[in-house]
Amino acid sequence: MHPLDVNATLEEALNIVGMFVFAISGALLAVRKNYDIVGMAVLAEITAIGGGVLRDLILGAVPPAAFTDLFSFIAPIAATLLTFFAYERINRIQAAVLIFDAAGLGVFCVVGTVKALAWGMGPISAIALGAITAVGGGIMRDVLAREAPAVMRSDSELYFLPALLGSIIIVVVSSLHLYGAIAAGLAALLVFALRLAALRFHWGAPTPRRRAKANDS
């Protein structure tokens with residue numbers, strides 16, 4: 001057993017919570033796209049498990065954990081049904097959904113990085129897989145809904161970079177043999193806080209400075 005392995009019950013609980021809130025964001029986008037309940041369920045499932053499945057396939061952890069854990073399917077379906085019957089109320093509390101989404105971002109980048117390290121991946125690979133776990137489902141959701149992925153839009157608040165930072169922190173503390181529940185919690189909390197600050201103050205990733213085109217004479 002790898003020393004970075006965390007309490008399985010706690011990890012499972014965090015995964016379920018993260019999948020549930022990410023699934024709500026997928027179901028909400030489906031409603032705004034005028035999809036039916038099947039489309040809602042597809043986007044909810046993809047958002048919830050997409051990043052984890054991609055990570056597991058890269059690691060060779062097959063079948064992916066999402067396909068061997070019943071709750072990985074139940075949580076997104078429950079989120080779909082909740083959104084289907086209470087869309088108006090949920091849509092009014094979009095800020096709350098974003099808060100939970102930020103929490104899921106922090107949790108998933110930590111869990112993804114820990115699993116990559118436990119499978120013997122090097123620091124750079126573990127950082128990449130941690131960030132992929134956090135943002136992969138959202139990218140798949142946006143592509144399926146024919147939206148430009150939020151992580152690639154210049155008008156989108158910081159999303160990928162907080163997850164990347166959280167993954168870097170986990171790799172650094174693990175290399176110093178300081179990883180534990182406190183380190184994991186602080187890393188997730190930092191990602192959560194940075195994402196909320198980006199939403200509050202509209203922080204975005206740097207964009208290249210482009211020279212204005214000269215007027216044709």
Side-chain angles (χ1 to χ4, degrees), residues 13-33 40 43-44 46-48 50-52 75-76 79 82-83 86-114 127-143 145-173 181-210:
L14 292 175
N15 269 305
I16 292 172
V17 172
M19 287 188 295
F20 187 81
V21 295
F22 280 147
I24 288 179
S25 72
L28 283 172
L29 178 59
V31 174
R32 291 167 189 163
K33 288 285 188 175
M40 291 174 63
L43 283 191
I46 286 294
T47 309
L82 176 63
T83 306
Y87 169 73
E88 293 298 335
R89 292 184 180 181
I90 294 175
N91 202 38
R92 292 194 194 104
I93 57 170
Q94 181 65 24
V97 174
L98 289 174
I99 289 173
F100 284 112
D101 180 77
L105 187 75
V107 169
F108 277 8
C109 76
V110 170
V111 171
T113 307
V114 168
I127 290 169
L129 286 177
I132 287 173
T133 304
V135 306
I139 293 176
M140 294 181 188
R141 172 201 64 205
D142 292 343
V143 170
R146 297 183 180 179
E147 294 274 323
V151 298
M152 299 179 183
R153 296 203 311 263
S154 61
D155 62 341
S156 178
E157 291 85 0
L158 294 178
Y159 196 75
F160 180 80
L161 291 181
L164 189 66
L165 176 61
S167 297
I168 291 172
I169 291 172
I170 294 301
V171 167
V172 170
V173 297
I182 294 177
L186 289 176
L189 183 61
L190 177 62
V191 174
F192 172 72
L194 183 56
R195 171 60 176 162
L196 289 187
L199 290 168
R200 173 65 178 82
F201 299 107
H202 304 290
W203 295 340
T207 56
R209 181 176 298 177
R210 292 179 295 182

Practice task
Look up atom CZ in Phe160 and atom CG in Leu105, then write down how far apart they are to the nearest 0.5 Å.
Solution key: 10.0 Å
Problem - Shortest non-hydrogen separation from Leu43 to Ala145 and the atoms involved - result: CD1-CB, 4.2 Å
Problem - side chain to side chain contact (heavy atoms under 4.5 Å, CB included) involving Ala148 - partner list, sequence neighbours excluded - result: Arg153
Completion exercise
Residues Val143 and Pro149: closest non-hydrogen pair is CG2-CG, 4.1 Å
Problem - Contact check, side chains of Thr133 and Val111, non-hydrogen atoms, under 4.5 Å - result: no
Problem - Check: Ala44 main-chain N/O paired with Arg141 side-chain donor or acceptor under 3.5 Å - result: no
Problem - Nearest-0.5 Å distance that lies between atom CG in Leu164 and atom CD1 in Ile169 - result: 10.0 Å
Exercise for the section: Answer yes or no: is there a side-chain heavy-atom contact under 4.5 Å between Ile182 and Leu186? Expected result: yes
Exercise for the section: Write down the atom of Ala75, the atom of Phe20, and the distance for their closest heavy-atom approach. Expected result: O-CD1, 3.5 Å
Handout entry: Contact check, side chains of Phe108 and Met19, non-hydrogen atoms, under 4.5 Å
Key = yes
Handout entry: From Thr47 atom OG1 to Ile139 atom CD1, the distance as rounded to the nearest 0.5 Å
Key = 11.5 Å
Handout entry: Leu28 and Thr83, any side-chain heavy atoms less than 4.5 Å apart
Key = yes
Handout entry: Nearest-0.5 Å distance, CG of residue Leu29 to CG of residue Asp142
Key = 6.5 Å
Exercise for the section: Indicate the atoms forming the closest heavy-atom contact of Glu157 with Arg195, along with that distance. Expected result: O-NH1, 3.5 Å
Exercise for the section: In sequence, state the C-alpha distance, the side-chain angles, and the governing distance for Leu165 and Val191, and then conclude on side-chain contact (heavy atoms from CB on, under 4.5 Å). Expected result: CA-CA 7 Å; Leu165 176 61; Val191 174; 5.6 Å; no
Practice task
Taking all heavy atoms of Pro76 and all of Ala48, pick out the closest pair and write down the distance.
Solution key: CG-CB, 3.6 Å
Practice task
To the nearest 0.5 angstrom, please state how far the CD1 atom of Ile132 sits from the CG atom of Leu129.
Solution key: 5.5 Å
Exercise for the section: Over all heavy atoms of both residues, which pair between Ala163 and Ala134 is shortest? Give the atoms and the distance, please. Expected result: CB-CB, 3.8 Å
